[in-house]
Amino acid sequence: MADEVGALDGDALAQARGLMAFIRESPSMFHTAAAVRRRLDAAGFTYLAEDAAWDIEPGGRYYTCRNASSVVAWAVGSRPTGGASRYHFQVAAAHGDSPTFKLKSNALLEGPAGVQRLNVEPYGGMIDYTWFDRPLTLAGRALVRVGGRVESRLVALDGPVALIPSLAVHLDRGVNGGFAPNRARDLCPVIAASPLPDGGTGALVAHELGVAPEDLVSSDLFLVVMDEPRLWGPGDAFLSAPRLDDLMCAYTALAGFLEADEPASVNVYALFDNEEVGSNTKQGALSTLLCDVLARTSASLGLSDEDLRRALARSFMVSCDNAHAVHPNRPDVYDEGNRCRLGGGIVIKEAANQHYCTDAFSRAAMIEVCRRAGVPYQTFANRSDQAGGSTLGNLSNMQASMHGVDVGCAQWAMHSAFETAGAADVALAVRTLSAYFACDLRIEGADGFEVR
């Protein structure tokens, strides 16, 4: 993925820049879903509302959306059933939300000398200290009154409007010996030096949307880091940006899905919301969203419930969520035999506690896909004295059970306000996931499989 002088080649550079553009478009999970929908529309996919009747045909390409924050898209082969004996789904799933801070409904707090602060609470498990002294803005969705109806609108304030100031070292001499900020006291962003006009933050949102403040009914607003995505280092080897977890996988899985030729059966791309807070929402991986799409697709194609159950047993999911690259200053906290690095290709993640859904069968299937495509892969496992994290694959399997593997792109500083990955890994992940969607993965229970 690099030329003879170490710079990224044309495809790798284009894919890295594509990811950076996607991140700029996606300050909140609602914007991420909209960015995905724009790309699906441009590729000729047909939108099917969940509350509409679905008429699905062989060779068709479709998508649906739930809560304006989760999207499932699927492409049906021209002969998807194979007499129902080979009909199956090949799924890749990622999430569109990232750790941040959410504004409470009554968001303004009075500070000393008239300073106005924002009342926020954590969304997910971020590294708190990385949010200090950065320009911040607000983004999300707003519900506005339009005549006799209330409509949802995307909103992202133009330019920085807030900042969380650090306390000077002179007033906290022990700060470098250990800093554990109190979220109710230390992490309240300053938004104004004097009292805001009537309407407070609501007036700012209403102005951005071009509506009267009294027509703003409610909103879901989040703090957004305004630091620009950037390539850096010799040969542009590194890509740093906010929200790499998990917009990097959301982008690469979508790109691989859109690049693949007509599927042998049904290819599915799923973008879930709320992974960072447990996925147990109507639009999360624990919801019925994916299962509903697969069931309705099968029924519209004239298949029975029995055919659907058989298809699920032959189906496969690639759960895509970034992985922990070995830290150059702290290699001691990583497993000695299962470390991954930036720029080394997609990472297959595994955990005995099943927080990752990978097992020997699914790992073998992913290895075969990589081998056939000629793309590198890496492995990751936590040190045995660390609990590690979890992701959406095993949760989604509770609703639509199928073989699954957890993969991701290697990165540093996961859950920081500004994270870093290998720039070449964007194109490598796209190639891997495109190869997965382009193949015909034929599964026979848990006894064997063939990649065609």
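Just the heavy atoms: all of them, side chains too, but no hydrogens, waters or symmetry mates, feed the values below. This is a predicted model, so every value here is computed, not measured.
For the atom pair E275 CD and S396 OG, the distance stands at 12.0 Å (nearest 0.5 Å). With values rounded to the nearest 0.5 angstrom, T288 atom OG1 is found 11.0 Å from L294 atom CG. Taken from SG in C249 to CG in L271, the straight-line distance is 11.5 Å, to the nearest 0.5 Å. Atoms CG and CG, on L13 and L8 in that order, are 5.5 Å from each other to the nearest 0.5 Å. Considering CG of L239 and CZ of R17, their distance stands at 11.0 Å, rounded to 0.5 Å. To the nearest 0.5 Å, atoms CG (L308) and CZ (R310) are separated by 11.5 Å.
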For this session: Could you please spell out the steps behind the side chain to side chain contact (heavy atoms under 4.5 Å, CB included) verdict for V72 and V268?
Result: CA-CA 7 Å; V72 178; V268 183; 3.7 Å; yes

For this session: Starting from the C-alpha separation in whole Å, work towards a yes-or-no answer on side chain to side chain contact (heavy atoms under 4.5 Å, CB included) for E50 and T64.
Result: CA-CA 7 Å; E50 281 200 283; T64 193; 3.4 Å; yes

Problem set entry | Chi angles and distances behind the side chain to side chain contact (heavy atoms under 4.5 Å, CB included) call for H88, D440 | CA-CA 10 Å; H88 67 280; D440 180 10; 3.2 Å; yes

Problem set entry | Check against side chain to side chain contact (heavy atoms under 4.5 Å, CB included), V426 and T252 | CA-CA 7 Å; V426 186; T252 54; 3.9 Å; yes

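At least one side-chain heavy atom of L118 sits less than 4.5 Å from a side-chain heavy atom of L223. You'll find the side chain of T100 stays beyond 4.5 Å of the side chain of S98, heavy atoms only. Two residues are said to be in side-chain contact when any heavy atoms from C-beta on lie closer than 4.5 Å; V161 and L138 meet this criterion. Contact check for F101 versus D128: side-chain heavy atoms found under the 4.5 Å cut-off. Within the 4.5 Å cutoff, the side chain of I348 has heavy atoms near those of the I367 side chain. Considering only heavy atoms from C-beta on, R296 stays 4.5 Å or farther from L48 through its side chain. Residues L40 and L254 are in side-chain contact: their nearest non-hydrogen atoms beyond the backbone lie under 4.5 Å apart. With contacts defined as side-chain heavy-atom distances shorter than 4.5 Å, the pair S28/V224 does not qualify.
For F30, the ring-ring contact (aromatic ring centres under 6.0 Å, His included) criterion is met by no residue, not counting sequence neighbours. Not counting sequence neighbours, the partners of A49 by the side-chain contact (heavy atoms from CB on, under 4.5 Å) test are Y47, D51, A52. A search for ring-ring contact (aromatic ring centres under 6.0 Å, His included) contacts involving Y123 returns F222, not counting sequence neighbours. For D172, there are no salt bridge (Lys or Arg N to Asp or Glu O under 4.0 Å) partners, not counting sequence neighbours. With sequence neighbours left out, the ring-ring contact (aromatic ring centres under 6.0 Å, His included) criterion links Y251 to F22. Residues satisfying the ring-ring contact (aromatic ring centres under 6.0 Å, His included) criterion with F45, sequence neighbours excluded, are F257.
Between R66 and D292 there is a salt bridge, since a side-chain N of the basic residue sits under 4.0 Å from a carboxylate O of the acidic one. Using a 4.0 Å cut-off between charged nitrogen and carboxylate oxygen, R37 and D41 do not count as a salt-bridge pair.
Heavy-atom neighbours of R61 CZ from other residues, nucleotides or ligands within 6.0 Å: above the threshold of 12. Counting non-hydrogen atoms of other residues, nucleotides and ligands closer than 6.0 Å to CZ of F132 gives a total above 12. The environment of CG in N353 is crowded: more than 12 heavy-atom neighbours from other residues, nucleotides or ligands sit within 6.0 Å.
Here the side chain of D425 pairs a donor or acceptor atom with the backbone of G345 at under 3.5 angstrom. In terms of modelled atom types and a separation under 3.5 Å, the side chain of D220 and the main chain of R141 share no donor-acceptor contact. Remark: the backbone N or O of L289 is paired with a side-chain donor or acceptor of S287 at under 3.5 angstrom. A side-chain donor-acceptor contact under 3.5 Å links Q90 to the backbone of L441. At distances below 3.5 Å, at least one donor-acceptor pair connects side-chain atoms of D307 with backbone N or O atoms of S304. Distance alone, capped at 3.5 Å, is enough to place a donor-acceptor pair between the N322 side chain and the C409 backbone. S298 contributes no side-chain N or O that, together with a main-chain N or O of A295, makes up a donor-acceptor pair within less than 3.5 Å. Judged purely by atom type and a 3.5 angstrom limit, N274 has no side-chain atom pairing as donor or acceptor with the backbone of V277. N394 contributes a side-chain N or O that, together with a main-chain N or O of Q354, makes up a donor-acceptor pair within less than 3.5 Å. In this structure, the side chain of N267 engages the main chain of F437 through a donor-acceptor pair within 3.5 Å.
Contacts classified as salt bridge (Lys or Arg N to Asp or Glu O under 4.0 Å) and involving residues 22-36 (residues at least two apart or in different chains) are given here: R24-E228, E25-R38, E25-R39. The side-chain hydrogen bond (donor to acceptor under 3.5 Å, both in side chains) analysis of residues 357-372, with sequence neighbours excluded, yields the pairs E350-R363, D359-S362, E368-R371. Within the structure, the salt bridge (Lys or Arg N to Asp or Glu O under 4.0 Å) test picks out no pair touching residues 278-289 (sequence neighbours left out). Listed by first and then second residue, the ring pair (Phe, Tyr, Trp, His ring centres under 6.0 Å) pairs that reach into residues 347-380 are H324-F380, F361-H403, F361-F449, sequence neighbours excluded. Among residue pairs with one or both ends in residues 280-314, none qualify as ring pair (Phe, Tyr, Trp, His ring centres under 6.0 Å); sequence neighbours excluded.
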Identify each donor-acceptor pair in which a side-chain atom of residues 414-424 lies under 3.5 Å from a protein atom, sequence neighbours left out, and give them as a table.
residue, atom, partner, partner atom, Å
H415, ND1, G125, O, 2.7
H415, NE2, D245, OD2, 3.1
H415, NE2, E276, OE1, 3.3
S416, OG, F418, N, 3.2
S416, OG, F418, O, 3.2
E419, OE1, L244, N, 2.9
E419, OE1, D245, N, 3.0
E419, OE2, H415, N, 2.7
T420, OG1, S240, OG, 2.7

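A side chain to side chain donor-acceptor pair (under 3.5 Å) with T297 is found for exactly one of Y62, W54, W74, namely W74.
In terms of heavy-atom proximity, S78 sits nearest to E262 at OG-OE2, 2.6 Å.
Side-chain contact check for D406 and S319: at least one donor-acceptor pair (N or O, by modelled atom type) lies under 3.5 Å.
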